[in-house]
S.K.: 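Here it is: the structure, laid out below.
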Amino acid sequence: MSGGDILEFEIRPTPHPVSDAERAALLVEPGFGRVFTDHMVTIRYSEGKGWYDARLEPFGPLSLSPATAALHYAQEIFEGLKAYHLADGGVGLFRPEANARRMRRSAARLAMAQLPEELFMQSIRVLLQYDRAWVPTRAEASLYLRPLMFATEAFLGVKPSSEYLYVLIASPVGPYFPGGVKPVSVWVSQDYTRAAPGGTGAAKAAGNYAASLLAQSEAIEHGCDQVVFLDAVERRWVEELGGMNVFFVYREGDRTVLVTPELTGSILEGITRDSVITLARDRGYEVQERRYAMEEWRADAESGRLLEAFACGTAAVITPIGRVRSVEGEFTIAGGNPGPVTLELRQALLDIQHGRAPDPYGWVTRVL
Ligand SMILES: *Cc1c(COP(=O)(O)O)cnc(C)c1O
């Protein structure tokens, strides 16, 4: 079958679903990415045949040849989005078509087959139909959806794989800040970069994460929560965190100005980043997408000109940055407290996502 056609999903519900009582217990404090729902979706691709064998099946291990191409040459991409329990009892997704499109762009960069947007959407609808009970109803909790795709051809030759497996799994997650919003501390990596010009930084590729983990460990060793990456050429321009984009908040005269690093090709184009830009402009704030130097960050934080800084991404929504540490020392932002613009944008985004506020941008797609 070809490109955009819709596939008939074969449905194989699990004979052993988790009981209501057990699921309720798991949903109390699921943490992040440790608990999984009863089912998963898989779709196969083969050159010449296209996408085929779409199914819903019990969540469980995959069986792979040790020669599976992804295990050797890292042709692997993923996405992350959330299903939300809406105020009216339905289930909504936040800008899922943006994830579908980004997954296609990531695939193109890694010379992989591109999953049609409609199949991406269909996979989510099918999974939620069967695992709806796993969408947490507790405030600020959600069901994290993790679509992934990797090269499955069993061949050690170096070339784009001729076969791929798309998988969708889902994991209930609790509120990111159960005890109230708490600013994070960040470590600025001098020794390691995440992505270089011409590389895969703009693709949501597993390999980018592999490249970021040592720097993340270094951040932890230095008593910080997250790592900040600088550009690979000058080691001067702030790019992003390991998995979140960044914003800086200024006040110029009577205007609120947000600055975020411009998309250079080595920065991941976050959907949260894009949503924050829209929300900010609609509130009359000016948003500048431009290069932002580490010296600027330090000098403006120390002089008090910089009022707030925050990181953003699907998993943590909007997270204030309170303390910045590097080989040159440490500085704090707004005394290490969350700022009003950060909290305002965070609340506005959450209210739209959970269906508590009007959705003038058509960002929420109701699935159930
Ligand atoms: C996924 C990701 C983000 C955030 O993207 P969202 O679409 O907002 O979740 C930012 N940076 C990196 C490196 C990422 O992988």
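Read the numbers this way: they start at 1 and go in the same order the structure lists the ligands and their atoms.
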S.K.: If you measure from each heavy atom of Arg194 to ligand 1, is any distance below 4.0 Å?
M.R.: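 So Arg194 counts as touching ligand 1.
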
S.K.: Heavy atoms only: which of Ala203, Gly201, Gly270 lies closest to atom 5 (O) of ligand 1?
M.R.: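 Considering heavy atoms of Ala203, Gly201, Gly270, the nearest to atom 5 (O) of ligand 1 sits in Gly270.
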
S.K.: Counting N and O atoms only, with roles assigned by atom type, does the side chain of Glu240 sit under 3.5 Å from a partner on the main chain of Leu268, one being a donor and the other an acceptor?
M.R.: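 Pair found, side chain donor or acceptor close to backbone of Leu268.
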
S.K.: Specify the protein heavy atom at minimum distance from atom 8 (O) of ligand 1: its residue, its atom name, and the distance to 0.1 Å.
M.R.: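 Protein heavy atom with the smallest distance to atom 8 (O) of ligand 1: Thr272 OG1, 2.6 Å.
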
S.K.: Is there a donor-acceptor pair under 3.5 Å between the side chain of Asn245 and the backbone N or O of Gly313?
M.R.: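 Flag not set: sc Asn245 to bb Gly313 has no pair under 3.5 Å.
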
S.K.: Below 30° counts as parallel, above 60° as perpendicular, anything between as tilted: where do the rings of Phe59 and Phe36 land?
M.R.: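 Parallel.
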
S.K.: Got an N/O contact under 3.5 Å between Glu269 and ligand 1?
M.R.: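 There is no such contact.
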
S.K.: For Pro261 and Phe248, work out which heavy atoms get closest and say how close.
M.R.: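 So the two residues come closest at CD-CE1, 4.3 Å.
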
S.K.: Closer than 4.0 Å to some heavy atom of Asn245 - which atoms of ligand 1 meet that?
M.R.: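 Within the 4.0 Å cut-off of Asn245, ligand 1 contributes 10 (C).
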
S.K.: Glu296 and salt bridge (Lys or Arg N to Asp or Glu O under 4.0 Å): which partner among Arg305, Arg290, Arg236?
M.R.: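 With Glu296 as partner, Arg305, Arg290, Arg236 yield a single salt bridge (Lys or Arg N to Asp or Glu O under 4.0 Å), made by Arg290.
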
S.K.: Starting from atom 9 (O) of ligand 1, find the nearest protein heavy-atom neighbour and note its residue, name and distance.
M.R.: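 So the nearest neighbour among protein heavy atoms is Thr314 OG1, 2.6 Å.
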
S.K.: Using a plain distance cutoff, I'd like to know if Glu240 has any nitrogen or oxygen under 3.5 Å from a nitrogen or oxygen of ligand 1.
M.R.: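 N/O-N/O distance below 3.5 Å exists for this pair.
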
S.K.: To the nearest 0.1 Å, how far is atom 3 (C) of ligand 1 from its closest protein heavy atom, and which atom is that?
M.R.: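 I find the closest protein heavy atom is Gly243 O, 3.3 Å.
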
S.K.: Which residue holds the protein heavy atom closest to atom 2 (C) of ligand 1, what is that atom called, and what is the gap in Å?
M.R.: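 Protein heavy atom with the smallest distance to atom 2 (C) of ligand 1: Lys204 NZ, 2.6 Å.
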
S.K.: Hey, can you pull the donor-acceptor pairs under 3.5 Å for the side chains in residues 13-22, sequence neighbours left out?
M.R.:
residue : atom : partner : partner atom : Å
Thr14   : OG1  : His16   : N            : 3.0
Ser19   : OG   : Glu22   : N            : 3.1
Asp20   : OD1  : Arg23   : NH2          : 2.7

S.K.: Judged on heavy-atom distance to atom 6 (P) of ligand 1, which of Asp274, Asn208, Val276, Ile271 sits nearest?
M.R.: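 Answer by nearest heavy atom: Ile271.
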
S.K.: Does ligand 1 come near enough to Arg273 that some N or O of the ligand is less than 3.5 Å from an N or O of the residue?
M.R.: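 So ligand 1 has no N or O lying under 3.5 Å from an N or O of Arg273.
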
S.K.: Which distance, rounded to the nearest 0.5 Å, do you find between the CG of Leu306 and the CZ of Arg298?
M.R.: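 So the CG of Leu306 and the CZ of Arg298 are separated by 12.5 Å.
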
S.K.: Pick one: which of Glu97, Gln122, Met103 meets side-chain contact (heavy atoms from CB on, under 4.5 Å) with Glu117?
M.R.: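 Of Glu97, Gln122, Met103, side-chain contact (heavy atoms from CB on, under 4.5 Å) with Glu117 is met by Glu97 alone.
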
S.K.: Atoms of ligand 1 less than 4.0 Å from Arg102 heavy atoms?
M.R.: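 Answer for ligand 1: 5 (O), 6 (P), 7 (O).
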
S.K.: For Glu140, is there an ion pair with Arg356 - N to carboxylate O distance below 4.0 angstrom?
M.R.: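 Yes, Arg356 and Glu140 are salt-bridged.
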
S.K.: Is Gly242 close to ligand 1, meaning an N/O of one under 3.5 Å from an N/O of the other?
M.R.: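 No, since none of the N or O atoms of Gly242 sits under 3.5 Å from an N or O of ligand 1.
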
